[in-house]
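By convention in this document, chain letters (A, B, ...) are assigned in the order of the sequence lines, proteins followed by strands, and residues within each chain are numbered from 1.
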2 protein chains.
Amino acid sequence: MFHALGDASRRGMVERLRRGPASVSELARPFAMSLPAVVQHLAVLERAGVVASHKVGRVRTYQLVPDGLVPANHWIVQQRLPQEKQLDRLGDHLATSTPTDKEH
Amino acid sequence: MFHALGDASRRGMVERLRRGPASVSELARPFAMSLPAVVQHLAVLERAGVVASHKVGRVRTYQLVPDGLVPANHWIVQQRLPQEKQLDRLGDHLATSTPTDKEH
DNA sequence: ACAATACTTAAGCATATGCTTAACCATGCG
DNA sequence: CGCATGGTTAAGCATATGCTTAAGTATTGT
């Protein structure tokens, strides 16, 4: 999922979908790349659970998955919360100079 | 930055640093890869602003950058659908950036 | 029916990524 | 000094990624 968001084009598509559902062609329009390239990007986002699509006639419409980004958000929050304590532990770590592993 | 977090090994290193600063060797220990590979991963994380390092003697110590993940978090929060506010306690929590966590 | 529209699939290609090994500094220590 | 420790640099390699063009398929409009 972080990998899916690691591409600027894909993030741009997500940002577009924030304003509402859109077809493949609509999503492709702002980008200077071929339609198959856009389709591949959307497939990555869909596999990651960030967007969903359904086809009506010959038009495939994409939209954001509700709470689709929550897993990524949750991971980030978990890393972020204990950070305040670590500033205090840095000096401690350096002062004690933890004995490194002897084996190997 | 999302790209930096898009690798499981790098996320593992961030999770390790969550419990406090660590040297390159300490960070490498849990992984079944060579030291240069770990160094490369850490360089990616450092370029992304997620971690920082300083060298003392021959030991380079890494630590999390305080609020280093905030840009990614901010982007994610902005994508959330305005239509669903009922399940939004997590996003609300993140937007206010309160250091006290009580969910989960 | 015919043609345009909206994708879809397949193949290929240049570059990026993640990893390796080998060799190389630099520091700590008996 | 001599040598182990901790890290760095360089080179190379297999695979993944992002993109392309070409050639489909399925619908819709005239």
| message | To the nearest 0.5 Å, what is the distance between CG on B:L17 and OG on B:S53? | response | 10.5 Å
| request: Verify the contact: side-chain N or O of B:S23 to OP1 or OP2 of D:dG6, cut-off strictly under 4.0 Å; return yes or no. | output: no
| Contact class for B:A32 vs. all strands (heavy atom < 4.0 Å): base, sugar-phosphate, or nothing? | sugar-phosphate
| task | Tell me what A:S34 touches on the nucleic acid: a base, only sugar-phosphate, or nothing, going by heavy atoms under 4.0 Å. | result | base
| request: Using the side chain to side chain contact (heavy atoms under 4.5 Å, CB included) rule, take B:W75 and A:E15 through it: C-alpha gap first, then chi angles, then the decisive distance, then the call. | output: CA-CA 9 Å; B:W75 186 89; A:E15 288 169 1; 2.7 Å; yes
| message | In whole Å, I'd like the distance from the CZ atom of B:R60 to the C1' atom of C:dG28. | response | 18 Å
| Reading nucleotides 22-27 of chain D 5' to 3', which nucleotides get B (base under 4.0 Å from a protein heavy atom), which S (sugar-phosphate only), which -? | B----B
| query | Does the A:R11 side chain pair with the main chain of A:L5, one donor and one acceptor, at a distance under 3.5 Å? | reply | yes
| task | In whole angstrom, give the distance that lies between atom NE2 of A:H41 and atom P of C:dC7. | result | 17 Å
| note | Between CG of B:L42 and P of C:dT17 the distance, given in whole Å, is 16 Å
| said: What is the separation between atom CD on A:Q40 and atom P on D:dT21, rounded to the nearest whole Å? | reply: 13 Å
| Rounded to the nearest 0.5 Å, how far does CG of B:L69 lie from CE of B:M1? | 4.5 Å
| field | Residues touching DNA chain D, which here means a heavy atom under 4.0 Å, drawn from residues 3-16 of chain A | value | A:H3, A:D7, A:R10
| task | Verify, without hydrogens or angle tests, whether B:D7 (side chain) and B:R10 (backbone) share a donor-acceptor contact under 3.5 angstrom. | result | yes
| field | Interatomic spacing from CZ in B:R60 to CD in B:E46 - rounded to 0.5 Å | value | 6.5 Å
| Length of the CE-P vector between A:M33 and D:dG18, whole Å | 10 Å
| task | Kindly determine whether B:R47 and B:V44 satisfy side chain to side chain contact (heavy atoms under 4.5 Å, CB included), including the steps that lead there. | result | CA-CA 5 Å; B:R47 260 183 263 123; B:V44 171; 4.1 Å; yes
| query | How long is the gap from OG on A:S9 to CG on A:L45, to the nearest 0.5 Å? | reply | 10.0 Å
| said: From the set D:dG6, D:dT8, C:dC7, return the single nucleotide nearest to any side-chain atom of A:L35. | reply: C:dC7
| query | Between A:R18 and B:Q78, is there a donor-acceptor pair closer than 3.5 Å when you use the side chain of the first and the backbone of the second? | reply | yes
| Atom pair distance, as rounded to whole Å: CG in B:L27 and C1' in D:dG7 | 13 Å
| request: Return the value, rounded to whole Å, for the distance between atom CD of A:E46 and atom P of C:dC7. | output: 13 Å
| said: If I take atom CZ in residue A:F2 and atom P in nucleotide C:dT17, what distance separates them, rounded to the nearest angstrom? | reply: 18 Å
